[in-house]
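To keep things clear, I will list the structure first and then write my remarks on it.
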Amino acid sequence: MVIEKSALPPERISNRYADVPAKLVVEVDTEIEYGDALPTETYIHRKTQQTLDFGTERVVWIFTATQKMMVAARGQDWVICGWDKSVELIDGIQLNMMNFLAEAGVMLDRPEEA
């Protein structure tokens, strides 16, 4: 998560959840199991909406199994796209997962279509 420095000065930092909204939250679903199943679409949507309702400006989910990203910004339609597309994180900073991984020397197979 990215939080404005002025909103969270050092004396307010603790080992508890921040009580100020972030500008950006990035969630990565690495296929970790939650109980008996992977997180459901309902869980992801609910968590995203709660984060936006708290005041966060933008939430980006990176899904590893499908190589997709979901971008949710307050007051805008949510967008789902492939890793080969560039998405804005904050303040004009773009992320293209395929380019990022390729530059790091990580080559991935494309996910199989269901």
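- For G55 against P21, the heavy-atom pair with the smallest separation is C-CB, 3.3 Å.
- Rounding to the nearest 0.5 Å places NZ of K85 at 13.0 Å from CD of Q94.
- D29 and T64 make their closest contact through O-OG1, 2.8 Å (heavy atoms, listed as atom of the first residue, atom of the second, distance).
- In the hydrophobic clustering of ILVMFWY residues, with side-chain heavy atoms under 4.5 Å counting as a link, F63 and I80 come out together.
- Atom CZ of F100 is surrounded by 12 or fewer heavy atoms from other residues, nucleotides or ligands within 6.0 Å.
- Put simply, F54 and Y43 are part of two different groups of oily side chains (I, L, V, M, F, W, Y) that touch within less than 4.5 Å, one to the next.
- Closest approach of W83 and M69 over heavy atoms only: CD1-CG, 3.8 Å.
- Going from atom CD1 of I44 over to atom CE of M70 covers 7.0 Å, rounded to the nearest 0.5 Å.
- At distances below 3.5 Å, not a single donor-acceptor pair connects side-chain atoms of R58 with backbone N or O atoms of K23.
- If you take CG on L24 and OG1 on T51, they are separated by 11.0 Å, rounding to the nearest 0.5 Å.
- We find the OG1-CH2 distance between T48 and W61 to be 5.5 Å, quoted to the nearest 0.5 Å.
- What you find for M1 and A22 is that their closest heavy atoms are CB-CB, 4.1 Å.
- No more than 12 heavy atoms of other residues, nucleotides or ligands lie within 6.0 Å of CG in D77, so this atom counts as exposed by the packing criterion.
- Put simply, CD on Q67 and CD1 on I62 are 12.0 Å apart, with the number rounded to the nearest 0.5 Å.
- E57 has its side chain out of reach of I90: every pair of non-hydrogen atoms, C-beta onward, lies at least 4.5 Å apart.
- At least one side-chain heavy atom of R46 sits under 4.5 Å from a side-chain heavy atom of Q50.
- Between N96 and D84, the shortest heavy-atom contact is ND2-O, 2.9 Å.
- Residues V87 and V79 form no side-chain contact, since every pair of their non-hydrogen atoms from C-beta on lies 4.5 Å or further apart.
- At a threshold of 4.5 Å between non-hydrogen side-chain atoms, the residues V26 and L95 do not count as touching.
- For the residue pair A73 and W78, the shortest heavy atom distance occurs at N-CD1, 4.4 Å.
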